[in-house]
Protein chains: 2
Amino acid sequence: MPTVETPVESMVTAFRERCRASGLALTHQRELIYRAIVSSKHHPSPELIFDEVRRQTPSISLATVYKNIHTFLEAGLLREVSPHHGSLRLEANLAEHHHLVCTRCKAIVDLDESELEPIHLSRKLRAGYRILRYTVEFQGLCPACTDALKTT
Amino acid sequence: MPTVETPVESMVTAFRERCRASGLALTHQRELIYRAIVSSKHHPSPELIFDEVRRQTPSISLATVYKNIHTFLEAGLLREVSPHHGSLRLEANLAEHHHLVCTRCKAIVDLDESELEPIHLSRKLRAGYRILRYTVEFQGLCPACTDALKTT
DNA sequence: TTCGTAAAGGAGAATCATTCTCCAACTATG
DNA sequence: CATAGTTGGAGAATGATTCTCCTTTACGAA
């Protein structure tokens, strides 16, 4: 009689199917990397994933971890937590406002607080957290990139 | 008769006062760097600020730009657009959810969509943008860091 | 104003994250 | 199990950021 799959296992199963559907070879390393990310309760960096995965397969290379992370991001199997992590980006506008981030050209446009209704938490936030502020990050395409993709 | 200050000039004036109040020496380079950021309509990277500032003072060093950005961030004169830009951070959870980011230890915790009321835009977003999704980034302190700061 | 001192700047090396190159090993298939 | 096309491994290369070390500057006191 079949055992109920744990959430991690069912995600790994789905992962295998999606690899097959996308024509991605199902290698030992890929499954380890994906499994490490799914199993993590945090939002691990490539370096952390590498450390984890290396415990199972010490010969794995950091470059392999990076390559597969990008492969998985393109296939939509993973998501990047920060839409603009590559380089420090600064602003002097200290008023509450939000951001529109173009996923293609990485432009960031301000959206004033007044353009949005206030956000309400429907439950008390977890005990022990001290929330100082929030920002809404909208992801999408800016006008120039919307056009560029139409033309292509 | 006094001229009305432009927004940029009034921010630079406030900047000078806040430097004095914080005991920061008011150098030529600092004012140039701050002015470059305030004048930018985008959210510039250190490299872009350097390029801009170098047009006025070709001898300025990139290290000076970085050092002062950090000084300004600590003094609360600037804000970092991304709360976690240093390294790629990943997640396999593709469902809509939000993040609590600890500004001290950089931990990122998930907050389910159901813990928040839906967000409504009170006006039509700027024409030409194509919004795909949004994420609310809450910034604050996690329980461990809240305790750590109490003790210190 | 001039000076002394602490703070800040400049140049380039060092470090850290990420990507690339190139060749060997492996997966999927027949 | 042979083969073609992917993928993996190792280390060099690149890009962003920080550090080191020495020189210059800002600014309060004389």
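In the text below, chain A, chain B and the rest are named by the order of the sequence lines, each starting its count at 1. Any value given below was found using the heavy atoms of this structure, including those in side chains, with hydrogens, waters and symmetry copies removed.
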**Student:** Would you mind reporting whether B:L132 and A:F138 have side-chain heavy atoms less than 4.5 Å apart?
**Tutor:**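 Not in contact.
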
**Student:** Kindly give the cluster partners of A:V81, where membership spreads through any ILVMFWY side chain lying under 4.5 Å from a current member.
**Tutor:**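 Taking Ile, Leu, Val, Met, Phe, Trp and Tyr as members, A:V81 shares its hydrophobic cluster with B:V101, B:I108.
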
**Student:** Would you please say whether a donor-acceptor pair under 3.5 Å links the side chains of A:D112 and A:H98?
**Tutor:**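 No.
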
**Student:** At how many degrees, to 10°, do the end axes of the helix from C:dT1-D:dA30 to C:dG30-D:dC1 meet when each uses five pairs?
**Tutor:**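 That helix has its two terminal axes inclined by roughly 40°.
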
**Student:** How long is the line joining CD1 of B:I69 and P of C:dG9, in whole Å?
**Tutor:**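 It is 12 Å, rounded to the nearest whole Å.
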
**Student:** Got A:I33 and A:F72 here, is their nearest side-chain heavy-atom distance under 4.5 Å?
**Tutor:**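 Contact flag for A:I33/A:F72 side chains = yes.
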
**Student:** Do any N or O atoms of the protein come closer than 3.5 Å to N or O atoms of nucleotides 25-27 of chain C, and which pairs are they?
**Tutor:**
none

**Student:** For DNA chain D, note the earliest and the latest nucleotide, 5' to 3', having some atom under 4.0 Å of a heavy atom belonging to chain B.
**Tutor:**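 Reading along DNA chain D, I get D:dA16 to D:dC27.
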
**Student:** Return yes if some donor-acceptor pair links the side-chain N/O of A:T57 with the main-chain N/O of A:I60 below 3.5 Å, else return no.
**Tutor:**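 Answer holds: no.
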
**Student:** Give me each pair satisfying side-chain hydrogen bond (donor to acceptor under 3.5 Å, both in side chains) with a member in residues 59-73 of chain B, each pair once, sequence neighbours excluded.
**Tutor:**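 For residues 59-73 of chain B: B:R30-B:N68.
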
**Student:** Given 3.5 Å as the limit, does a donor-acceptor pair link the side chain of A:S40 with the main chain of A:A36, or not?
**Tutor:**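 Judged by distance alone, no pair lies under 3.5 Å.
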
**Student:** Side chains of B:R35 and B:M11: does their closest heavy-atom pair fall under 4.5 Å?
**Tutor:**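 Answer no - side chains too far apart.
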
**Student:** Should B:Q139 and A:I131 count as side-chain neighbours, where that means a heavy-atom distance under 4.5 Å?
**Tutor:**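 Not in contact.
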
**Student:** Could you identify which residues of residues 33-60 of chain A place a heavy atom less than 4.0 Å from some atom of DNA chain D, listed by residue number, or say none?
**Tutor:**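 Heavy-atom cutoff 4.0 Å gives A:S59, A:I60.
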
**Student:** Pick base, sugar-phosphate or nothing for B:L62, based on heavy-atom distances below 4.0 Å to the nucleic acid.
**Tutor:**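 Base, at least one base heavy atom under 4.0 Å.
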
**Student:** Under a 4.0 Å N-O cut-off, is there an ion pair linking B:R89 with A:E80?
**Tutor:**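 Salt bridge absent between B:R89 and A:E80.
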
**Student:** Is there a side-chain contact between A:E52 and A:L48 in this structure, where contact means two heavy atoms from C-beta onward sitting under 4.5 Å apart?
**Tutor:**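 Heavy-atom side-chain distance check fails, nothing below 4.5 Å.
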
**Student:** Compare all side-chain heavy atoms of B:I69 with those of B:I49 and state whether any distance is below 4.5 angstrom.
**Tutor:**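 B:I69 vs B:I49: side chains touch.
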
**Student:** Relative to the 5' end of DNA chain D, which residue comes earlier, B:Y66 or A:A63, by the nucleotide with the nearest heavy atom?
**Tutor:**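 The answer here is A:A63.
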
**Student:** So, B:E91 and B:H99: side-chain donor and acceptor under 3.5 Å apart, yes or no?
**Tutor:**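 Present: a donor and an acceptor within the cut-off.
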
